[in-house]
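First up is the structure itself, then whatever we jot down about it.
No experiment lies behind these values; they were computed from the predicted model shown.
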Amino acid sequence: MSGAALMLLAQSLALPTGLVSAALLARWLSPAGYGVFALASVLVAWVEWCIPSAFTRASTKFIAASSDPLEVGSSVLRLHLAAGVVVGAALWLAAPALASALGEASLAGAIRLYAPDVPLFAAATAHRAILTGTGRFNEVAAATAARWLVRLALMAALVGAGLGVEGAVAAVVLTSLVELALLRRGARPRLFGRAGVPLRGLLAFAAPLFLASVSLRLLDKLDIFALKWLGATTEEAGFYGAAQNLTFASSLIALTFAPVLLATLSHAVRDGEEALARALSRDSMRAVLWLMPFAALAAGASGEIVGLIFGAEFGPAAVPLAPLVVGAVALLMLSVANTTLIAGDRPRWALAVVAPLPAAAVLGHMA
């Protein structure tokens, strides 16, 4: 609980800095410009979390259960970085096609500028998994806190200087570079040399988790792309993207709590304390239910929240915000439940739970 509280305190900086950043962008960019940035951010975030971070939960579990975590961490870093470089290059090459598919030519430049963030984010994720798996939550928290503060400062400096969407994207990429440097100070796994740990077992465990991660990210971010594919304007996508940005508090909690819970449960399972692991899992799922009243309050005040943060120009964003904020709590419960299955060596069960959900979402969007 102390580790989770420390990391949540650091991650909670995302709330004020993210809201300030969103408010600045909404005022410095036009709704169309904000829509381009939102589409590019969602696309790159989906790629980053589905590809490089597909291995993170398996990596954290293997590191937490290992007697030589740094040796495992070296293999984990190489795996993450290789995936990040390949996917980042593919994203850069596919940028014009993606922009054409979404009917927004200016999106290609933003995606290509975003592409270097993929390998940087992948490497940072590997270092974070090493520190989390070894229980060094304070070092992860320090780097996380620095990330949000640096991101806000760079966003204000670059976009405020008149660089527009390009400045906002550059701020995100530079922030990832700073975070990687800070995490590298706490953990220094070997990047070169002979791998001391075979990757076959890690990849076998990670394969269903990769598919589960893809399913969850599709479910989480499919809506804004479906909106654009089904004929919405870029301005409408900007309104919807603004509403999505206001629901990231639940994603913040999941991002903070799930790795700590996974490491703690893995330690308990490794030490044969099954009763403790079951109690922690049960209480974690119960804790999510306490967030539902706050989600209801936010849904009821959606109009006032949007007006306060984004201004009257973004008033239509209040309509999707109400259901999105309630659905975000359900996704948080799904994250906690999947973490429990992973810690209990049930990766295929974790996949079976979430695999059908994107198809159901597509049918819902069509309807």
Q) Roughly how far, to the nearest 0.5 Å, is CG of D223 from CG of L230? A) 11.5 Å

Q: Might you point out which heavy atoms bring A146 and L182 nearest each other, and give the distance in Å?
A: CB-CD1, 3.4 Å

Q) Do other residues, nucleotides or ligands put more than 12 heavy atoms under 6.0 Å from E273 CD? A) yes

Q | Side chain to side chain, L209 and L351, heavy atoms closer than 4.5 Å | A | no

Q. Side chains of H127 and L77: does their closest heavy-atom pair fall under 4.5 Å?
A. yes

(Q) Within this structure, what is the CG-OG1 distance for the pair L13 and T144, rounded to the nearest 0.5 Å? (A) 9.5 Å

Q) Would you find a donor on one side and an acceptor on the other, under 3.5 Å apart, between the side chain of R147 and the backbone of E179? A) no

Q. Do L177 and L163 belong to the same hydrophobic cluster, where Ile, Leu, Val, Met, Phe, Trp and Tyr are linked whenever their side-chain heavy atoms lie under 4.5 Å apart, directly or via other members?
A. no

Q) Run the side-chain contact (heavy atoms from CB on, under 4.5 Å) check on V329 and F294 step by step: do they pass? A) CA-CA 10 Å; V329 178; F294 298 99; over 6 Å; no

Q: With the side chain counted from C-beta on, respond yes when L107 and L98 share a heavy-atom pair under 4.5 Å apart, and no when they do not.
A: no

Q: Give a yes or no on whether the backbone of L331 and the side-chain of S335 come within a donor-acceptor separation of less than 3.5 Å.
A: no

Q.
How long is the straight-line distance from CG of L222 back to CG of L357, given to the nearest 0.5 Å?
A. 11.5 Å

Q: Find the distance between CE (M285) and CE (M333) and round it off to the nearest 0.5 Å.
A: 7.0 Å

**Q.** Least distance between heavy atoms, F310 atom then F314 atom
**A.** CB-CB, 3.5 Å

(Q) Could you see if L227 belongs to whatever hydrophobic cluster contains V362? Use Ile, Leu, Val, Met, Phe, Trp, Tyr and a side-chain cutoff under 4.5 Å. (A) yes

Q. Roughly how far, to the nearest 0.5 Å, is CZ of R128 from CG of L180?
A. 9.5 Å

Q: Verify side-chain contact (heavy atoms from CB on, under 4.5 Å) between D283 and R286, making sure each step is shown before the conclusion.
A: CA-CA 5 Å; D283 291 342; R286 289 174 176 173; 3.8 Å; yes

Q.
Using every non-hydrogen atom in the two residues, find where A115 and L91 come nearest and quote the distance to one decimal.
A. CA-CD2, 4.3 Å

Q) What pair of heavy atoms forms the shortest contact from E139 to L131, and how long is it? A) OE1-CD2, 4.0 Å

Q.
Tell me whether L43 shares a hydrophobic cluster with F239, the cluster being built from Ile, Leu, Val, Met, Phe, Trp, Tyr side chains joined at under 4.5 Å.
A. yes

Q.
For F121 and T125: C-alpha separation, side-chain torsions, deciding distance, then whether side-chain contact (heavy atoms from CB on, under 4.5 Å) applies.
A. CA-CA 6 Å; F121 182 86; T125 300; 3.4 Å; yes

Q. Rounded to the nearest 0.5 Å, how far apart are CD1 of I224 and CH2 of W229?
A. 11.0 Å

Q. In terms of hydrophobic clustering (I, L, V, M, F, W, Y; side-chain heavy atoms under 4.5 Å; direct or indirect links), are I111 and W92 co-clustered?
A. no

Q: Using modelled atom types only, decide if a donor and an acceptor are shared between the side chain of S100 and the backbone of P96 within a distance under 3.5 Å.
A: no

(Q) Do the side chains of K228 and E236 get close enough for a salt bridge, i.e. N-O under 4.0 angstrom? (A) no

Q: Taking all heavy atoms of A361 and all of L219, pick out the closest pair and write down the distance.
A: CB-CD1, 4.0 Å

Q | Parallel, tilted or perpendicular, as decided by the 30° and 60° cut-offs, for the rings of F37 and Y114 | A | parallel

Q: Indicate the atoms forming the closest heavy-atom contact of P358 with S215, along with that distance.
A: CG-O, 3.4 Å

List, one per line, each side-chain donor-acceptor pair under 3.5 Å for residues 318-326, sequence neighbours excluded.
none

Q | Co-membership, hydrophobic cluster, residues V169 and L93, 4.5 Å side-chain | A | no

Q: List for me each residue that meets side-chain contact (heavy atoms from CB on, under 4.5 Å) alongside L341, sequence neighbours excluded, and say none if there are none.
A: N338, R346, W349, A350, V353

Q: Kindly determine whether T340 and S284 satisfy side-chain contact (heavy atoms from CB on, under 4.5 Å), including the steps that lead there.
A: CA-CA 9 Å; T340 300; S284 297; 6.0 Å; no

